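Input: a single structure, listed below in structure tokens.
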Amino acid sequence: MSHALDLIRRTFACRDGKILAGGVPVRDIADEHGTPLFIYDRGVIERKLGILRTALGKHFTIYYSVKANPSRAVISLFLEQGCGLEVASGGELFQALEAGCQPSQILFAGPGKSFAELEYAIRSRVGEIHIESRDEIGRIEEIGHRQGVRVRVGIRINPTSEAQGGAMQMGGKASPFGIDEEELDDAVARLSRSETLELCGVHLFSGTQILDFNVLVRQYRKGLHIAQKIADIAGKPLRTIDFGGGFGIPYFPGEAELDVSTFGREVATIVDQAKKIPAFAEASFIVEPGRYLVGESGIYVSRVNTIKTSRGKKFVVVDGGLNHHLAASGNFGQVIKKNFPIVLLNKWQQAGLETVDIVGPLCTPLDMLGRNVNLPPAEVGDLLGIFQSGAYARSASPMSFLSHPSPPEILVADGEAHLIRRRGKPGDFLFDQIVDGSHS
Ligand SMILES: Cc1ncc(COP(=O)(O)O)c(C=O)c1O
């Protein structure tokens, strides 16, 4: 079985030869709502959350990382399940609060929080702000002082390199994220002296899309080592130790699922030992995953619009492209373009007889959704499904490029498909523009 079919069968059910999301045939949803669109299966998200919770056991609290998929209905789902939220902009904070998240259940990270964003977060009394630079210490102090409040902060540390891994490394080298481990003494001493800032904990997050649990185990050990140093310098126990996200999902041939159960067992031993140390006895251990929780739930569905052959190469042109799904085009952090799992949804059980390139409608050679994909003979009107598209897909895409309407989103649960975001209108691109002196 092809890698794509294997992944699809593991995640989604089938009935009468049709792939189902939340019990509804994906093809029917596409027919009803039109293409291109994103479809998410709520049951898959809940299953992934359940697996992670079981693996991590009672010691860890899960904060959903909103950037992976910031749709209101998805955020609400995690709130209903008792998760906190990790946000990384004023906009995400706004969405978290609008969805009804208790401010105390929000963590605010990000390397370039503006003064206004920090004012908003502090006024909203978020649970913790994660400090990413020395500059930020001064800025938060100033705002806390002005608002007359003590601000709970964590310090994000960019660790030294020995615990690295994952597809996109965000630490262990020169990095805009966090304060270098080599400089933590000064930063922690400064925080400890502050009358406005209350140093609660540490935040460590050095890479995303990690599939090898050993890498995570090494990072958690390293994290605790750093946390101990911070507690020693601060001279007080820590309240939170946030290990970040980074749990990966398989996208490409040769990639296996992350073994979260073994990871959970290993990390339970580490945490049990850590809890005996006074610095961590009362600490809450946090993870803030995004991709692992929502990535597998999503399918990006487009329709074949044109088929053409150029100099012997067959191109299947679909009605949505990198403007909606930058990651599938390989332009969101991939060094070498690899294909996401792709099938023709109305022919997925037929043998792949052709090797084609799948491109979107944009006038750029970058708009390549699949290179040398083996498919059954494609025809105009066929439906194309790109799987593993629930995280860093729609929200990580340049939707205004070429001014196509933005794609709608459907969340399917228990046999019902709910439209959770409308398709944009072509005119939407005009609304924020200043035309004919309307600025005066
Ligand atoms: C601070 C922070 N937390 C959590 C995440 C979520 O990471 P992932 O989706 O790999 O779990 C990210 C992703 O970039 C992040 O920057």
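In what follows, every heavy atom counts, from backbone to side chain, and hydrogens, waters and symmetry copies are set aside. Order of appearance sets the numbers: ligands from 1, and atoms from 1 within every ligand. The shown structure was predicted, so the numbers you read here are calculated from the model rather than taken from an experiment.
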Worksheet item: Hey, is ligand 1 close enough to Gly290 that some N/O pair sits below 3.5 Å?
Response: yes
Discussion item. Distance under 4.0 Å to a non-hydrogen atom of Pro289: what atoms of ligand 1 satisfy this?
Written reply: 11 (O)
Worksheet item: Do Phe263 and Phe247 have their ring centres less than 6.0 Å from each other?
Response: yes
Worksheet item: What about Arg291: any of its N or O atoms under 3.5 Å from an N or O on ligand 1?
Response: yes
Discussion item. Would you call the rings of Tyr220 and Phe243 parallel, tilted or perpendicular, taking 30° and 60° as the class edges?
Written reply: parallel
Practice prompt. Identify which of Thr208, Asp242, Ile249, Val294 has a heavy atom lying nearest to atom 10 (O) of ligand 1.
Written response: Thr208
Worksheet entry | Within-shell test, Ala68 vs ligand 1, heavy atom, strictly < 4.0 Å | no
Worksheet item: Is the centre of the Phe94 ring less than 6.0 Å from the centre of the Tyr120 ring?
Response: no
Worksheet item: Mind checking whether Tyr292 has a heavy atom under 4.0 Å from ligand 1?
Response: no
Worksheet entry | Qualifying ring-ring contact (aromatic ring centres under 6.0 Å, His included) pairs with a residue from residues 62-87, counting only residues at least two apart or across chains | Tyr64-Phe78
Worksheet entry | Within 6.0 Å of CG in Asn372, more than 12 heavy atoms from elsewhere | yes
Item to complete: Determine whether the side chain, the backbone, both or neither of Lys67 has a heavy atom under 4.0 Å from any heavy atom of ligand 1.
Response: side chain
Worksheet item: Do any nitrogen or oxygen atoms of Arg156 lie less than 3.5 angstrom from nitrogen or oxygen atoms of ligand 1?
Response: no
Discussion item. Does atom NZ (Lys275) have a neighbourhood of more than 12 heavy atoms from anything else shown, all under 6.0 Å?
Written reply: yes
Worksheet item: More than 12 non-hydrogen atoms from neighbouring residues, nucleotides or ligands closer than 6.0 Å to CZ on Arg423, yes or no?
Response: yes
Worksheet item: Between Gly245 and ligand 1, is there a nitrogen or oxygen pair with a distance under 3.5 Å?
Response: no
Worksheet entry | Subset of ligand 1 atoms that lie under 4.0 Å from at least one heavy atom of Tyr392 | 6 (C), 7 (O), 8 (P), 9 (O), 13 (C)
Discussion item. Only heavy atoms of Glu86, strictly under 4.0 Å: list the atoms of ligand 1 that pass.
Written reply: 1 (C), 2 (C), 3 (N), 4 (C)
Worksheet item: Do any nitrogen or oxygen atoms of Glu288 come within less than 3.5 Å of a nitrogen or oxygen of ligand 1?
Response: yes
Worksheet entry | Listed partners of Leu402 passing side-chain contact (heavy atoms from CB on, under 4.5 Å), at least two apart | Leu362, His404
Discussion item. Less than 4.0 Å is my threshold; does some heavy atom of His203 fall inside it relative to ligand 1?
Written reply: yes
Item to complete: Can you establish whether the number of heavy atoms outside Glu182 located under 6.0 Å from its atom CD is more than 12?
Response: yes
